[in-house]
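First up is the structure itself, then whatever we jot down about it.
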Amino acid sequence: MSQSSTQPNALQHVAVIMDGNGRWAKERGLPRLEGHKAGAESVRAVCQSCIEKNIPYLTLYAFSSENWKRPRHEIDGLMSLLERFLKTKMPDFKRQGIRLHAIGRLDRLPPKTRKALEDAIEKTKDNNNLNLILSLSYGSREEIVDATRDIAMEVAAGKISIQDVDNELFSQHLYTADFPDPDLLIRTSGELRLSNFLLWQLSYAEIYVTKVFWPDFRQEEFNRAVDEFASRNRRFGKV
Ligand code: FPP
């Protein structure tokens with residue numbers, strides 16, 4: 001699977017750049033980690049909304065390859081938060097039928113976080129209401145470079161020929177090979193950037209930007225984004 005549905009306004013996959021946790025905390029005179037904690041509650045709320053709306057794929061930009069440059073205590077706090085989230089939300093994942101996936105350079109994650117992630121992926125593998133894809137230590141350029149390397153090695157080994165390399169084959173070598181392309185990209189906190197997120201996969205996605213900070217982005221805000229998406233005229237390059 002790789003390309004978006006070309007049916008106008010079918011909403012199969014929502015991708016989110018969850019931004020503004022730090023500013024949300026600053027406005028309240030709280031440490032940045034409190035913003036991330038409140039952001040984890042928004043993750044829960046948006047998963048619930050996707051299930052209610054029968055949206056089968058949700059990809060969240062939870063930690064970028066550039067986020068490793070943040071102060072050590074913030075990185076440690078985010079990793080512990082993720083670990084706790086994965087452990088404590090497991091009964092909810094089971095009850096709601098959420099299947100967890102992860103994309104990115106996962107080998108860079110601390111061993112405890114990686115273990116919690118692998119356990120959660122394994123334990124949820126038979127769920128099928130919502131595929132929740134966490135982008136962790138993820139960078140789209142790195143992903144494209146990794147895919148290019150894999151393809152070059154297959155060509156060098158004589159497994160495929162250069163003529164076989166097309167959009168479909170390339171998509172199949174990305175971390176997202178098993179998922180359709182996102183139909184809708186949501187970015188919170190008002191920034192107008194892609195920030196190295198799913199550059200290939202977002203080619204035809206509709207983009208929705210809101211000034212609302214991620215910790216305040218709950219079901220009502222999600223509904224607003226979905227309603228806006230429904231009113232867009234998707235042409236996929238046609239007239
Ligand atoms: C961007 O806000 C957010 C992040 C880098 C981390 C996102 C993490 C969470 C929402 C926490 C929980 C995640 C899961 C999957 C449980 P920012 O810190 O860049 O905010 P700022 O731009 O206002 O400083």
Side-chain angles (χ1 to χ4, degrees), residues 1-19 46 50 53-67 99-108 121 125 128 130-187 191-209 225-226 228-239:
M1 218 189 308
S2 60
Q3 304 301 304
S4 303
S5 160
T6 47
Q7 221 184 310
N9 300 8
L11 186 46
Q12 280 202 87
H13 188 168
V14 176
V16 188
I17 301 178
M18 310 182 286
D19 199 8
V46 168
C50 285
K53 291 182 178 297
N54 292 319
I55 298 169
Y57 295 90
L58 172 67
T59 299
L60 301 176
Y61 206 4
F63 194 87
S64 74
S65 43
E66 289 76 22
N67 287 154
R99 178 173 181 183
L100 193 83
H101 308 262
I103 55 171
R105 296 242 174 111
L106 307 178
D107 54 329
R108 287 192 73 185
I121 291 171
K125 70 178 191 314
N128 52 22
L130 171 68
N131 290 282
L132 171 61
I133 303 147
L134 295 183
S135 309
L136 290 164
S137 187
Y138 174 85
S140 188
R141 287 184 170 182
E142 288 87 337
E143 177 184 30
I144 289 169
V145 168
D146 283 351
T148 308
R149 255 196 224 120
D150 284 353
I151 293 169
M153 286 199 299
E154 286 177 22
V155 171
K159 288 188 192 156
I160 54 169
S161 75
I162 292 196
Q163 285 69 34
D164 293 330
V165 181
D166 58 10
N167 284 354
E168 187 52 36
L169 182 127
F170 200 85
S171 294
Q172 286 306 312
H173 285 76
L174 294 170
Y175 307 153
T176 50
D178 294 335
F179 316 126
D181 287 343
D183 305 292
L184 170 65
L185 170 70
I186 297 172
R187 181 162 191 154
E191 312 292 344
L192 301 173
R193 287 191 288 276
L194 285 179
S195 300
N196 204 14
F197 186 47
L198 302 176
L199 302 179
W200 171 281
Q201 298 88 337
L202 290 170
S203 295
Y204 288 99
E206 294 295 319
I207 300 177
Y208 176 88
V209 176
V226 171
E228 161 81 27
F229 172 81
S231 72
R232 300 272 179 97
N233 180 13
R234 298 188 85 192
R235 294 198 300 274
F236 300 95
K238 293 177 259 173
V239 288

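Here Cys50 contributes atom SG and Leu130 contributes atom CG; the two are 5.5 Å apart, rounded to the nearest 0.5 Å. Taking CG of Leu100 as the reference point, atom CG of Leu134 lies at 5.0 Å (rounded to 0.5 Å). Atom CG of Leu136 sits about 10.5 Å away from atom OH of Tyr61, to the nearest 0.5 Å. From Ile144, atom CD1 reaches atom CG of Leu174 across 6.5 Å, with rounding to the nearest 0.5 Å. Going from atom CZ of Arg141 over to atom OG of Ser65 covers 10.5 Å, rounded to the nearest 0.5 Å. A distance of 14.5 Å separates CD1 in Ile133 from OH in Tyr175, rounded to the nearest 0.5 Å.
Side chain of Asp146 to main chain of Glu143: no donor-acceptor pair is present (N/O by atom type, distance under 3.5 Å, no hydrogens or angles). Side chain of Ser137 to backbone of Arg105: a donor-acceptor contact under 3.5 angstrom is found. Put simply, the side chain of Tyr57 never gets that close to the backbone of Asp181: no donor and acceptor are under 3.5 Å apart. Asp164 places a side-chain N or O within 3.5 Å of a backbone atom of Ser161 that can act as its donor or acceptor partner. Checked by atom type and distance alone, the side chain of Asn131 never pairs as donor or acceptor with a backbone atom of Arg99 at under 3.5 Å. With Ser195 contributing its side chain and Phe197 its backbone, the two residues share no donor-acceptor pair below 3.5 Å. Checked by atom type and distance alone, the side chain of Asp183 pairs as donor or acceptor with a backbone atom of Gln12 at under 3.5 Å. Side-chain N or O atoms of His13 include one that pairs as donor or acceptor with a backbone N or O of Pro180 at under 3.5 Å.
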Output, in order, the C-alpha distance, side-chain angles, deciding distance and verdict of side-chain hydrogen bond (donor to acceptor under 3.5 Å, both in side chains) for Trp200 and Ser171. CA-CA 8 Å; Trp200 171 281; Ser171 294; 3.1 Å; yes
Do Thr59 and Phe179 pass the side-chain contact (heavy atoms from CB on, under 4.5 Å) test, and can you show the C-alpha distance, the side-chain angles, and the key distance before you say yes or no? CA-CA 10 Å; Thr59 299; Phe179 316 126; 5.7 Å; no
side-chain contact (heavy atoms from CB on, under 4.5 Å) between Phe170 and Thr148, worked out: CA-CA 8 Å; Phe170 200 85; Thr148 308; 3.8 Å; yes
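In terms of the side chain to side chain donor-acceptor pair (under 3.5 Å) criterion, Ser135 has no residue partners (sequence neighbours excluded). Listed by chain and residue number, Asp19, Arg23, Arg187, Ser189, Arg193 satisfy the side chain to side chain contact (heavy atoms under 4.5 Å, CB included) test with Glu191 (two or more places apart in sequence, or in another chain).
Identified under the salt bridge (charged side-chain N to carboxylate O under 4.0 Å, His left out) test for residues 196-209, with sequence neighbours left out: Glu206-Arg232, Glu206-Arg234.
Shown here for Asn67 and Ser64, the closest heavy-atom pair between the two residues is OD1-N, 2.8 Å. Closest non-hydrogen pair, Val16 versus Val14, comes out as CG2-CG1, 4.1 Å. Among all heavy-atom pairs drawn from Ile151 and His173, the shortest one is CG1-CG, 3.6 Å.
Counting heavy atoms from C-beta on, the side chains of Glu228 and Leu184 never come closer than 4.5 Å. In this structure, the side chains of Leu185 and Leu194 come closer than 4.5 Å at one or more pairs of heavy atoms. At least one side-chain heavy atom of Lys53 sits under 4.5 Å from a side-chain heavy atom of Val226.
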